[in-house]
Amino acid sequence: MPEATEHNSLEKVYSSAEVEAKWYAHWEKNGFFHATPNPDKQAYTIVIPPPNITGVLHMGHILNNSLQDAFVRYKRMMGYEACWIPGTDHAGIATQNVVERALMKEGKTRHDLGRDKFLEKVWEWRKQYGGVIIQQLRKLGSSCDWEREKFTMDETLSEAVREVFVRLYEDGLIYRGKYIVNWCPKDHTAISDDEVNYSEQQGKIYYIKYPLVGTPNEYAIVATTRPETMFGDAAIAVNPKDERYAHLVGKAAMLPLAGREIPIVADDYVDASFGTGMVKITPAHDPNDFWVGQRHNLPQLNVFDVSAKLNELTPEKYRGMDRYAARKVAVADLEAQGLIAKIDDHTNSIGRCYRCDTVIEPYLSDQWFVKMKPLAEPALKVVEDGTIKFYPERWTKVYQHWMLNIRDWCISRQLWWGHRIPVWYCIGDDHCTLDCKKPIVSRTTPEKCPYCGSANLRQDEDVLDTWFSSWLWPFSVHDWPQEGNHGKAADLRYFYPTDTLVTAPEIIFFWVARMVMAGLKFGPSFTGSNDPAKNIPFKEVYFTSIVRDDKGRKMSKSLGNSPEPLDLIAAYGADAVRFTILYLAPLGQDIIYSSEKNELGRNFANKIWNAGRFLLMNRDQTGEAPKKSEFNLDHLDLADRWILSRFHSTTQEIMASLKDFEINKVSRTIYDFFWHDYCDWYVEMIKSRLYGNEPLEVKQAVVSRALDIFDGALRLLHPIMPFITEELWQHIRTRTADQTIMRAQIFEADTRLIDKQVEDEMAFVQNVIESIRNIRGEMNIAPSKEISLVMKLSPARHANRLKQYEGYLQRLARVTSLSFISNGARPKLAASAVVQGEELFIPLEGLIDLEFEKARLKKEIDRLNGVLNGIRAKLNNESFVAKAPKEVIEKEKEKQSIFEMNIEKLQKSYEALS
RNA sequence: GGACGCUUAGCUCAGUUGGUUCAGAGCGCCGCCCUUACAAGGCGGAGGUCGUAGGUUCGACCCCUACAGCGUCCACCA
């Protein structure tokens, strides 16, 4: 147990570093983050969106993890068995790239090492650097259950991947097919969409005449930017609604240079208004043409080799030519035959390899796919029917749209780092049968071919898309499908489904949607239920904001416009960074962020710190109250009852905002309560008793009550600012080693203590004080100058009750004498004001410049008259009186008379000065 | 091109059963205070026809339409 209760004298300025290190170590060492199935409690679970092992903490993580930690900590303090499961993602491409780049510095490629050696290198790298981000999350204060930390390439998670692959294959949902990938003709490898850099380029668009078969001298004219791919043309397409060409559909055209007939088909994909409205379809060399080809069952003719040179499917003249050389020759040949209608300038964006800048070639190759339609349907339903709720809700539309237009998922990747596809092929020997050509899909490495018995097997070279492991994350973290063998069966039952997913909207398709599908598909095998509500991976999804810089640009590494989170934590403190980002995070809106904004959080931390210092200093002076003070309402004065009322309504508001995931509102509510209600008013008010002539036991009771409220407020704040609240919480009472604020309960809002009358009465006192301060300010009366206050109260307001609060007035407005006068009387020379209909005078006697006061009153009278005129106009408006509801009219009339009275009183004061 | 979001003080943002004492907060600015928790603080003040133009309504920051500007996602660029 760190030395917390030993020293009660706190530094004047809160310094975060030491406190943070101390308490985080303490929490972790004592297992306070750890959760275990507990039948007496309800589970609350979050799985972390596993950061890439190549990643370092950026502002998006700060936001995302501050949110998750706040949610988990709130639930933990509300009596849930709260579990936040952390881990990392192996990030196939990113990680492989990092290691390859390192190799490149040694002048080597992965091919020099070979697959096994290369993978060893990656694992080494992972061991050395892959945990960086996990350590950084600790600095933020994340209360993750580190005993449960997982990695998507852990053996158990890899098992889950193979299991799912096999099951889907057996269900007929995984198949092998052709697909267009981004191919780099220089590196001879497929690269992912993310690795393609697109840029605008000035090029040409060629209009080529394809002779129509059967009608001489008539042509189909197609527009293309890539004439060299024409040898792979499989059709010409027009829009089915395009009347110009309706008569051609079903006919054929002659492919020039190749001398081959191709059909003319109709497809919605064609934009009738672009070009001629006729498109050549080249399924093997264009992604869109590929899909058109699928729909119309067209042949896929790949006319390039791996280096994008024309292959044997092209006329002999072109074979072996580079794609660009072939383009020139083909255009020249077409021109010679009079088959070029025209050539226009055309700007289009082309993709280049991020590594070698070679223009990417859409390339047809063999890939593995998951059929998505059957998986998507139930996943769409659970979001539409509210079994899973999105915050903000509008993302459900985006989700729906994607799910309804879903395409099959290409899951194979031409990489080495990742889960190798669990498929083997029989290389065969003399005994091979026809069946031997089938892929052998297996959970474990097969020893021999099941058909011919040959041991000569070769595993598929490719690995699986990284998302193929992450979509299982909510249950693979519990060692599914081997949970029984690993003793995790109870965990899976208890913690699944998870409750809240906190993630970025840009991965709604990659990750969120697929997790829903996986949960619904595989859930029944471990939940034992077909109820979607039991199988969904999470109940709520919170989509985070985008963090932008002060110019509105998205914060990113490449722009270099993001502050370094660890520097922020060092400079402002983790609590301040957390508070600031959560205070700024509106649900569904971006965050405009800059380092200086953390002053908000830092100043707040310091404010709380000093409030704690104040309480502790006073407790040390008065000594501990003999027994723990109880809120016996009879013995509380106005300030006590008021702060209690405010505390409970604050708690109520926070709980409501939390339910709606309005974390910025939560932050603002606790901030306003702490700073304004507690510090500005309550603490200042109790000073009048602490520094007065009260007996010691009264002072003790006052401090004790103040500490109780402080304790409650610390608990409300702890999930957002965990460190400073723990430090103070440990100081304000004697705690045992196993006590921690993070496992203390948040007090439930007691609505009986929310007292409207008390708040009204306090409002009156506060308004009187503010009014006096206002006069002081405007009249330039020094704050130190003592004044007397004369009040003329209406019968409803009891003078002797106000007299009770004289201490407050003295303390907060430097009123040294309070007296009352009856109706009709009036101090001779005084500044005056009306507060809630009651008249207030400050006799001036050399304090006030008469003309100043007159001008001040005049200004106020004019302002009130302005409002009054508005009310009168409204009440004189016939249609208002006729159509507005009675209550509204009554209210207006009431306001009218109040204003008239107040103005009259001020007017009299004004005249008295003249 | 499609979908969605945003526009309130110099800056960053609050503001739902539509009702002139709700036009507000923080930062910044101006003035006064180093008052025994806190100058990373306290008190007071100035500052906005709530993007533009219409419409609905007795009444619009709030509801509807159009437009402008900014932004996000998706699609497309043959």
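Small disclaimer: the values here were computed from a predicted structure and weren't measured.
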From the set B/U21, B/G19, B/A40, return the single nucleotide nearest to any side-chain atom of A/Ala884. B/G19
Could you walk me through whether A/Arg773 and A/Glu770 satisfy the salt bridge (charged side-chain N to carboxylate O under 4.0 Å, His left out) test, starting with their C-alpha distance in whole Å, then the side-chain angles of each, then the deciding distance to 0.1 Å, before giving a yes or no? CA-CA 5 Å; A/Arg773 282 174 177 169; A/Glu770 283 163 348; 5.7 Å; no
In B/S/- notation (B base, S sugar-phosphate only, - none; protein heavy atoms under 4.0 Å), nucleotides 25-39 of chain B written 5' to 3' is -S-----S----BBS
I'd like the P distance from B/U21 over to B/G26, given in whole Å. 22 Å
Angle class for the A/Tyr678/A/Phe674 ring planes (parallel below 30°, perpendicular above 60°, tilted otherwise)? perpendicular
Tell me whether the side-chain N/O atoms of A/Asn774 come closer than 4.0 Å to OP1 or OP2 in B/G45. yes
Just call it for A/Val867: base, sugar-phosphate, or nothing, with non-hydrogen atoms closer than 4.0 Å on any strand. sugar-phosphate
When the C1' atoms of B/G48 and B/U7 are compared, how many Å lie between them, rounded to an integer? 14 Å
Does RNA chain B take part in any stems of at least 3 consecutive Watson-Crick or G-U pairs (both distances under 3.5 Å), and if so, which ones? B:1-7 with B:68-74, B:10-13 with B:24-27, B:29-33 with B:41-45, B:51-55 with B:63-67
Is a salt bridge present between A/Arg668 and A/Glu662, judged by a nitrogen-to-oxygen distance below 4.0 Å? no
Under a 4.0 Å N-O cut-off, is there an ion pair linking A/Arg863 with A/Glu860? yes
Just the atom pairs and distances: protein N or O near nucleotides 5-8 of chain B's N or O, under 3.5 Å.
residue, atom, partner, partner atom, Å
B/G5, O2', A/Gln589, OE1, 2.9

A/Asp286 side chain vs A/Thr282 backbone, donor-acceptor pair below 3.5 Å: no
Aromatic plane relationship, A/Phe543 with A/Trp395 - under 30° parallel, 30 to 60° tilted, over 60° perpendicular: tilted
Closest approach of A/Gln400 and A/Glu384, non-hydrogen atoms and distance? NE2-OE2, 2.7 Å
Shortest non-hydrogen pair, A/Ser688 vs A/Gly807, comes out as CB-O, 3.6 Å
Is any side-chain nitrogen or oxygen of A/Asn876 closer than 4.0 Å to OP1 or OP2 of B/C58? no
Tell me whether the side-chain N/O atoms of A/Tyr14 come closer than 4.0 Å to OP1 or OP2 in B/G41. no
Lys/Arg-Asp/Glu bridge criterion (N-O < 4.0 Å) met for A/Lys204, A/Asp345: yes
Under a 4.0 Å N-O cut-off, is there an ion pair linking A/Glu361 with A/Arg226? yes
